[in-house]
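Take a look at the structure set out below.
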Amino acid sequence: MDKLVVTGGGRLTGEVAISGAKNAALPILCASLLSAEPLRLTNVPELNDIGTMLKLLAQMGVKVEREAENVTLDASGLNNPLAPYELVKTMRASILVLGPLVARCGEARVSLPGGCAIGARPVDQHIKGLQSMGAEVGVEHGYVVAKCVANTGRLKGARLFTDMVTVTGTENLMMAACLADGETVIENAAREPEVVDLAQCLISMGAQISGAGTDLIRIRGVEKLHGASHRIMPDRIETGTFLCAAAITGGEIRLLGTSTGYLDAVVDKLLDAGCEISGEKTAKHESIHIVAPPRLKAVSIRTAPYPAFPTDMQAQFMAINAVADGTAIIRETIFENRFMHAVELQRLGADIKIDGNTAVMKGVERLQGATVMATDLRASASLVVAGLVAEGETHIERIYHLDRGYANIEAKMTALGANIKRVKA
Ligand code: UD1
């Protein structure tokens, strides 16, 4: 397996282009299943997770054309509403095909994703919502098997309430509702910007949706959706990760093609840590500029659904707090097992005490390079960020997690002056 070797020291300076958002692109790729006309997408990030989703859609009969960041999907020949375990097990977001398949084909068989490193991550809310919309849903041999019971073959609009805020759950049900008979209301909906990006794409395909970005989304079902073109929004987590990388090195960088509007909670904490951050918008470009002090101040965070601090930035903030001045308290409220990077950061010399979902960190003067293991996507990013300031070499193993969610991370970091190399297995 490939590994990354990061040699610490040196400030990051320069410019970096931010890619399209993985978590917006994945549901939007699935939205192509809802129409028999082509969906043209731009700014699709070149990531392993995107490759997996395209493979999954292709084996259902979707025609896929991909050229760099442009993807066209034509689901006119959709003929196999099945998501097999072999593909779903590598990427939980595969569950996002469930709603669109039932809505368009009247049936679907989608492998249950199973647990993952950061927690159990059930999909009961996705299932409950589809049942309320008139689908018969059961689990057979590890697969979610769903079928529309109405003799029209269509789902029925319904009032849906999810027990907790779920991002992909909201997206799955919103997509299913687009072709349902009548109005669907999703209460307690996720407000993440990626939900809004998906809604905008669906609206450009002819869907009737209002309220995306609030906790109450209304969808009036239509008979069919048509083809459309859509540009994927910038990746706010990649943006936040590069902000942390600049911050920890006392650097100064400009991030191109992204905006502070998507990550107020993260920017707010970096300002508290002593950074100066400004957003710029011209007719052509949006960008963010960050200047970091020589040493950051410790900042406490508590993860919660948008617009609060994102769980996908928790690990990177643990890295910056590891060397900040003072004590920070980190509370993780979304996933039950999302502190595995803490043990790896301790190997680099971080002072972290964990009690349940709370980590108490005391910043140390310096970290020391060591061999560490990436345990999940964002944990891997936190190890890269920490490696940038650790003395000597940090060897990060199992970086396939990183390749799932960060496009060309070592090339982008190197262009900013980081010393980071991929060592092929
Ligand atoms: C999405 C993001 C992921 C991010 C997470 C939280 C994508 C592809 N992934 O994941 O990067 O970390 O949101 O912001 O967009 N839950 C249930 N039952 C369900 C659904 C969820 O119990 O049916 C629980 C989960 O276990 C978790 C919480 O609800 O504890 C929130 O999870 P959810 O928002 O669904 O995460 P994902 O959509 O899987």
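Excluded from the calculations below are hydrogen atoms, water molecules and symmetry mates; all remaining heavy atoms, backbone and side chain alike, are included. We count ligands from 1, going down the list as the structure has it; atoms in each ligand are counted the same way. As the structure is a prediction and not an experimental result, all values here were calculated from the model.
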message: Is there a polar contact, in the sense of an N or O pair closer than 3.5 Å, between T311 and ligand 1?
response: no

query: Is there a donor in the side chain of Y406 and an acceptor in the side chain of T241, or the other way round, less than 3.5 Å apart?
result: yes

query: Do K3 and T371 pass the side chain to side chain donor-acceptor pair (under 3.5 Å) test, and can you show the C-alpha distance, the side-chain angles, and the key distance before you say yes or no?
result: CA-CA 10 Å; K3 65 175 180 178; T371 297; 6.0 Å; no

message: I want to know if ligand 1 touches I334 in the polar sense, i.e. an N/O pair below 3.5 angstrom.
response: yes

- prompt: Considering only heavy atoms from C-beta outward, does the side chain of Y143 approach that of P84 to under 4.5 Å?
  reply: yes

task: Pull out every atom of ligand 1 sitting under 4.0 Å from any heavy atom of Q125, numbered as shown with elements.
output: 18 (N), 19 (C), 23 (O)

With K147 via side-chain hydrogen bond (donor to acceptor under 3.5 Å, both in side chains) - residues at least two apart: none

- prompt: Below 3.5 angstrom, do we get any N/O pair linking V167 and ligand 1?
  reply: yes

message: Could you report the tightest heavy-atom contact between V102 and A108, atom names first, then the distance?
response: CG2-CB, 3.9 Å

- request: Report the member of E336, R378, M164 with the shortest heavy-atom distance to atom 16 (N) of ligand 1.
  value: M164

- prompt: Of all heavy-atom pairs between M53 and L29, which one has the smallest distance, and what is that distance?
  reply: CG-CD1, 3.8 Å

- request: May I ask whether V165 places a heavy atom under 4.0 Å from ligand 1?
  value: yes

- request: Let me see the working for E238 and K22 under salt bridge (charged side-chain N to carboxylate O under 4.0 Å, His left out), right down to the final yes or no.
  value: CA-CA 9 Å; E238 188 194 22; K22 169 179 87 73; over 6 Å; no

- request: Using a strict cut-off of 4.0 Å, indicate which atoms of ligand 1 neighbour a heavy atom of H126.
  value: 23 (O)

query: Are any of the N or O atoms of P122 closer than 3.5 Å to those of ligand 1?
result: yes

query: Short N/O distance, under 3.5 Å, between T168 and ligand 1?
result: yes

query: Do any N/O atoms on R92 end up under 3.5 angstrom from N/O atoms on ligand 1?
result: no

- request: Show which atoms of ligand 1 fall inside a sub-4.0 Å distance from at least one heavy-atom site of R338.
  value: 12 (O)

- line: Check: of D312, D124, L96, min heavy-atom distance to atom 3 (C) of ligand 1 comes from D312

message: Could you check whether any side-chain N or O of Q316 sits under 3.5 Å from a backbone N or O of D312, counting only pairs where one atom can act as donor and the other as acceptor?
response: yes

message: Check this for me: does any side-chain nitrogen of one of E332 and R338 sit under 4.0 Å from a carboxylate oxygen of the other?
response: no

- prompt: So, does G169 sit close enough to ligand 1 that a heavy atom of it is under 4.0 Å from the ligand?
  reply: no

statement: For V123, the ligand 1 atoms with a heavy-atom partner under 4.0 Å come out as 19 (C), 23 (O)

